[in-house]
Amino acid sequence: NEMSWLQRILHSTPPGMHNVIMMHIPPGYDPFSTQVIHGLLPWPFLRANDNGALIRQLQARGNRVAYVIAAHTHRFGFRFAGNVAMVVLGSLSPIFGNNPAFYVLHLSGSGSLRDIDTYAFNESKAAWVRAGSFDRSWGIGQIDADALAALHARLGRSPSLRQAWGAQANGWPPTTVEAAGPWGTHWWRAQWCAQSLSSPFAQCAGIARRVTILRLFVVSAAIIAVAVLVIVSARLLCRRVPALPRR
């Protein structure tokens, strides 16, 4: 399967070289879908076994993963797992209220990820505009796991930084509401907690109680359904059994 193939490829990396992994769907949880269903379920991108296996492959130092580039969410973002940084690039499609955007990645001489320039489409000018440098906006000289973890901590403490991050994530769209996006609502914690692939998502996002209640409801409903089925089946069986003749 694909996981075995990935492990084989990473293990065959020649000495002195590092790997850059590109994927469409990132590991971890989908905060947007979690928000849509009001936190009743922490919505994963991948099945639990595959998600865990992929994160372990990314973190294994012997696999020498320099960084990961992912997509799928239509919004710019990042994730980090152990010593590995992951950049999630936004989309050209504006279906989530985001500005169309593309990105230019700058690498250091060693091949590490140094900076990212965002180019967003300005409708009033009908042109692509260089919207900003990641380093200049957030003071990160090199995009690695430690730097992203530090930025993650800063976003958790500052509402104003979260507003600014929401604008960057959405490609600086024209209206304030679109610019804030999910980061400007009470669901910001789901977005924030999804950045760390090592933290328990439901507890971090504050939806663990909802998930527990939903599970209890589902289990109770299943028990009631089985009980009703047994009762109905027993009654139908009794009707079909002929009465014994009287002597």
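Note that the coordinates shown come from a computational prediction; the quantities given were computed from them, not determined experimentally.
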S.K.: Quick check: closest heavy atoms across Arg157 and Pro159, and the distance to 0.1 Å?
M.R.: O-CD, 3.7 Å
S.K.: Listed by chain and number, what are the side-chain contact (heavy atoms from CB on, under 4.5 Å) partners of Ser110, not counting sequence neighbours?
M.R.: Ser108, Ser112
S.K.: Do Phe45 and Ile37 sit in the same hydrophobic cluster, where Ile, Leu, Val, Met, Phe, Trp and Tyr count as joined when their side-chain heavy atoms come under 4.5 Å apart?
M.R.: no
S.K.: By side-chain hydrogen bond (donor to acceptor under 3.5 Å, both in side chains), which residues pair with Arg75, not counting sequence neighbours?
M.R.: Asn170
S.K.: So which pairs with a foot in residues 43-70 pass salt bridge (Lys or Arg N to Asp or Glu O under 4.0 Å), sequence neighbours left out?
M.R.: Arg47-Asp50
S.K.: Same cluster for Ile69 and Ile140 if Ile/Leu/Val/Met/Phe/Trp/Tyr side chains link at under 4.5 Å?
M.R.: yes
S.K.: Which heavy atom of Ala101 sits nearest a heavy atom of Thr118, and at what distance?
M.R.: CB-CG2, 4.3 Å
S.K.: Output all residues satisfying side-chain hydrogen bond (donor to acceptor under 3.5 Å, both in side chains) with Ser133, sequence neighbours left out; order by chain, then residue number.
M.R.: Asp115
S.K.: Find out whether Gln163 and Trp183 are in side-chain contact, i.e. whether some heavy atom of one side chain is under 4.5 Å from a heavy atom of the other.
M.R.: no
S.K.: Taking the six-membered ring for Trp and the single ring otherwise, decide whether the centroids of Trp138 and Trp165 are under 6.0 Å apart.
M.R.: yes
S.K.: Taking only residues two or more places apart in sequence, or in another chain, which ones meet His11 in a ring-ring contact (aromatic ring centres under 6.0 Å, His included)?
M.R.: none
S.K.: Closest approach of Ala205 and Cys193, non-hydrogen atoms and distance?
M.R.: N-SG, 3.4 Å
S.K.: Got Thr34 and Leu41 here, is their nearest side-chain heavy-atom distance under 4.5 Å?
M.R.: no
S.K.: Quick check, are the ring centers of Phe121 and Trp172 under 6.0 angstrom apart?
M.R.: no
S.K.: Do Phe76 and Ile116 come within less than 4.5 Å of each other through their side chains, counting heavy atoms only?
M.R.: yes
S.K.: Side chains of Gln35 and Gln191, heavy atoms from C-beta outward: is any pair under 4.5 Å?
M.R.: yes
S.K.: What's the spacing between Arg189 CZ and Arg162 CZ if we round to 0.5 Å?
M.R.: 8.5 Å
S.K.: Checking Phe102 now: which residues fulfil ring-ring contact (aromatic ring centres under 6.0 Å, His included) with it, not counting sequence neighbours?
M.R.: Tyr119, Trp128
S.K.: Just jot down the side-chain hydrogen bond (donor to acceptor under 3.5 Å, both in side chains) partners of Trp43, sequence neighbours excluded, or say none.
M.R.: none
S.K.: Show the nearest heavy-atom pair for residues Gln57 and Val65, with the distance to one decimal.
M.R.: O-CG2, 4.3 Å
S.K.: Which residues pass the side-chain hydrogen bond (donor to acceptor under 3.5 Å, both in side chains) test with Asp146, not counting sequence neighbours?
M.R.: none
S.K.: One thing to verify: whether Arg114 and Asp135 come together as a salt bridge, which I'm taking to mean a side-chain N less than 4.0 angstrom from a carboxylate O.
M.R.: no
S.K.: Got a sec, which residues hit ring-ring contact (aromatic ring centres under 6.0 Å, His included) with Tyr67, two or more places apart in sequence or on another chain?
M.R.: none
S.K.: Is there a side-chain contact between Ile207 and Trp187 in this structure, where contact means two heavy atoms from C-beta onward sitting under 4.5 Å apart?
M.R.: yes
S.K.: Is the side chain of Thr185 donor-acceptor paired with the backbone N or O of Pro182 at a distance under 3.5 Å, no angle test?
M.R.: yes
S.K.: Just list the side-chain donor-acceptor pairs under 3.5 Å for residues 81-91, sequence neighbours left out, or say none.
M.R.:
unit_1: Ser91; atom_1: OG; unit_2: His74; atom_2: ND1; d: 3.0
unit_1: Ser91; atom_1: OG; unit_2: Ser93; atom_2: N; d: 3.4
unit_1: Ser91; atom_1: OG; unit_2: Ser93; atom_2: O; d: 2.7
unit_1: Ser91; atom_1: OG; unit_2: Asn98; atom_2: ND2; d: 3.4

S.K.: Report yes if some heavy atom in the side chain of Arg130 is under 4.5 Å from a heavy atom in the side chain of Asp117; otherwise report no.
M.R.: yes
S.K.: So Pro31 and Trp192, do their side chains get closer than 4.5 Å, heavy atoms only?
M.R.: no
S.K.: Hey, can you pull the donor-acceptor pairs under 3.5 Å for the side chains in residues 12-22, sequence neighbours left out?
M.R.:
unit_1: Ser12; atom_1: OG; unit_2: Arg8; atom_2: O; d: 3.3
unit_1: Ser12; atom_1: OG; unit_2: Ile9; atom_2: O; d: 2.8
unit_1: Thr13; atom_1: OG1; unit_2: Leu10; atom_2: O; d: 2.8
unit_1: Thr13; atom_1: OG1; unit_2: Asn19; atom_2: OD1; d: 3.2
unit_1: Thr13; atom_1: OG1; unit_2: Asn19; atom_2: ND2; d: 2.9
unit_1: Asn19; atom_1: ND2; unit_2: Asn63; atom_2: O; d: 2.7

S.K.: Partners of Tyr29 by side-chain contact (heavy atoms from CB on, under 4.5 Å), sequence neighbours excluded?
M.R.: Pro42, Pro44, Phe201
